[in-house]
Protein chains: 2
Amino acid sequence: MGTSAVPDIVVGRLPLYLRALSQMEAEGKEITSSQELGERLGISSAQIRKDLSQFGEFGKQGTGYSIGYLTEQLKRILKVNQTWDVALIGVGDLGRAVANYAGFLDRGFRVVAIYDNDPRKIGLKVGPFQIRDAAKLVQDLRGQRIQVAMLAVPVAEAQSVTDRLVEGGVRAILCYAPTSISVPRLVRVQYIDPVLHLQRMTYYVP
Amino acid sequence: MGTSAVPDIVVGRLPLYLRALSQMEAEGKEITSSQELGERLGISSAQIRKDLSQFGEFGKQGTGYSIGYLTEQLKRILKVNQTWDVALIGVGDLGRAVANYAGFLDRGFRVVAIYDNDPRKIGLKVGPFQIRDAAKLVQDLRGQRIQVAMLAVPVAEAQSVTDRLVEGGVRAILCYAPTSISVPRLVRVQYIDPVLHLQRMTYYVP
DNA sequence: TAGATTGTTAATCGATTAACAATC
DNA sequence: TAGATTGTTAATCGATTAACAATC
């Protein structure tokens, strides 16, 4: 859990708040309230106020929250008031889509290099990137001080690539491979497996 | 929460158990225990036993769980002992990757049709699919009794397409658009937004 | 001032864990 | 039988909510 006493479940909601605030800003709004934010997200206003109070006082009684100011503060707290360089490993269909995804940049992330171990792919262009040899991964990560990686390799290779990410100094891994991976305590992992979500829903479908 | 008294957080872990069991089966194992399963997943053995006990008794004291039998039971509980037809709406880079993803079929899902509203895309082939006109969505969903959909359209169109999915009788939506969507109480929604996961991790990176 | 909304406390609710009898 | 592991109960832990004084 890092050094912080803030529950991880609270940290996990902050990006959601940030995303909703961005949308409000795009709609031209300048002020919001815990109630309005809560309605958009299906979360109680009390929870939003409680969550935010973990980090400071960002609102005004009687008025609510300045969208611009709260956005700025949340970005600072989540450390996305900077742009993180991200490495992408595995350039299959999914990796290709991730490499071309335009939605990272304005939310704090920038893909800077993409890797594959298939000799037929190495050197090919994908969008603005040239696919690099996965054998160069560790030295690149260290050389460019890359701390964030996205993993889009087959399940069979997920753990071995993970080990090299860790060796290269990566501290946060977004794993698209449908499997659990092991990392040292200080490395964070998040998973994306669409089938888990689908299976969770069909339980409820009559 | 549907009709069931089982907490949704428990339902959400069952697909994880199922996935780990499949891997064990692939490794040639036939028996496991709540402890072994828990170690793989970073979950306590007590929690696994408690979760499973919500649905019945699947193990043997002193022995553990038959991987084959427990797999079968979890598939039945999650209703993935059948194959669900899935519609995919939005054929950008991500939609293309999802359409080509081979990992759905053996886990209970099959993409049967893909849609876009861009006249330049309609009619094009993507893998085995021909992109259909999104204007045909509602009639197709009803005609084929499709209950599950994946949404890979831009944020600006997410809500309007969602409304048509609901109109067509869809009961479960996997939303790849980075926004919250509104649905009637009986329709389930799950979200995939990689940036939310990344932002949740950078909080902890020093 | 009156109305609104925050930040915070205490109460409630729900989830996780520990422990153990049952039993394979 | 002895050892192992389940299913379940009670205890613990943590998260959410309700309520309200403070204050804009």
Side-chain angles (χ1 to χ4, degrees), chain A residues 1-18 20-21 24 29-74 77 200 203, chain B residues 1-18 20-21 24 29-74 77 200 203:
Chain A
M1 298 296 104
T3 47
S4 163
V6 177
D8 181 59
I9 196 163
V10 173
V11 175
R13 280 190 294 260
L14 300 187
L16 222 47
Y17 300 162
L18 190 50
L21 289 168
M24 289 178 176
K29 293 179 62 65
E30 299 198 337
I31 300 284
T32 188
S33 64
S34 58
Q35 191 180 345
E36 186 183 43
L37 205 45
E39 274 165 18
R40 286 221 182 196
L41 296 169
I43 289 177
S44 78
S45 63
Q47 178 156 89
I48 290 175
R49 294 198 303 278
K50 188 103 210 289
D51 285 353
L52 296 177
S53 77
Q54 298 270 3
F55 303 96
E57 306 190 356
F58 306 117
K60 269 205 188 51
Q61 283 104 324
T63 310
Y65 301 91
S66 152
I67 290 172
Y69 179 69
L70 185 53
T71 296
E72 195 180 292
Q73 293 304 308
L74 288 176
I77 292 163
R200 181 180 194 152
Y203 173 81
Chain B
M1 296 298 103
T3 47
S4 164
V6 177
D8 180 59
I9 197 163
V10 173
V11 175
R13 279 191 293 261
L14 300 187
L16 222 47
Y17 301 162
L18 190 51
L21 289 168
M24 288 177 175
K29 294 180 61 66
E30 300 199 337
I31 299 282
T32 188
S33 64
S34 58
Q35 191 181 345
E36 185 183 42
L37 204 45
E39 275 165 16
R40 287 222 181 195
L41 296 170
I43 288 177
S44 78
S45 62
Q47 178 156 88
I48 290 175
R49 293 198 302 279
K50 188 103 209 291
D51 285 353
L52 296 178
S53 76
Q54 297 270 4
F55 303 95
E57 306 190 357
F58 307 117
K60 268 206 186 55
Q61 284 103 322
T63 310
Y65 301 91
S66 153
I67 289 172
Y69 179 70
L70 185 53
T71 295
E72 195 179 292
Q73 292 305 307
L74 288 176
I77 292 164
R200 182 181 194 151
Y203 173 81

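Basis for what follows: all heavy atoms, side chains included, without hydrogens, waters or symmetry-related copies. Throughout, a chain's letter reflects where its sequence line sits, starting with A, and its residues are numbered from 1. All values reported here derive from a predicted model rather than from experimental measurement.
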Measure [atom1]/[X] against [atom2]/[N] and give the value in whole Å, please.
X	N	atom1	atom2	result
B:Gln35	C:dT17	CD	P	14 Å
A:Gln47	D:dA19	CD	C1'	17 Å
A:Leu52	D:dT16	CG	C1'	15 Å
B:Asp8	C:dA15	CG	P	10 Å
A:Asp51	D:dG14	CG	P	17 Å
B:Gln54	C:dG14	CD	P	13 Å
B:Ile9	D:dT16	CD1	C1'	13 Å

Side chain of [X] - closest among [options]:
X	options	answer
A:Lys60	C:dG7, D:dC24, D:dG7	D:dC24
A:Lys50	D:dT16, D:dA19, C:dT16	D:dT16
B:Gln61	D:dT8, C:dC24, D:dT17	C:dC24

Looking at [N], I'd like to know if its phosphate oxygens (OP1 or OP2) sit under 4.0 Å from a side-chain N or O belonging to [X].
X	N	answer
B:Arg13	C:dT16	yes
B:Thr63	D:dT5	no
A:Tyr65	C:dA4	no

Checklist outcome for this item: Of B:Ser33 and A:Ile43, the one whose closest nucleotide on DNA chain D sits nearer the 5' end is B:Ser33
Checklist entry - For B:Asp8 and A:Tyr203, what are the C-alpha separation, side-chain angles and deciding distance, and is it a side chain to side chain donor-acceptor pair (under 3.5 Å)? => result CA-CA 10 Å; B:Asp8 180 59; A:Tyr203 173 81; over 6 Å; no
Next on the checklist: Consider side-chain contact (heavy atoms from CB on, under 4.5 Å). Of B:Thr71, B:Ile31, B:Leu70, which one does B:Tyr65 pass it with?
Outcome noted: B:Leu70
Checklist entry - Which heavy-atom pair separates A:Leu37 from A:Thr32 by the least distance, and what is that distance? => result N-OG1, 4.0 Å
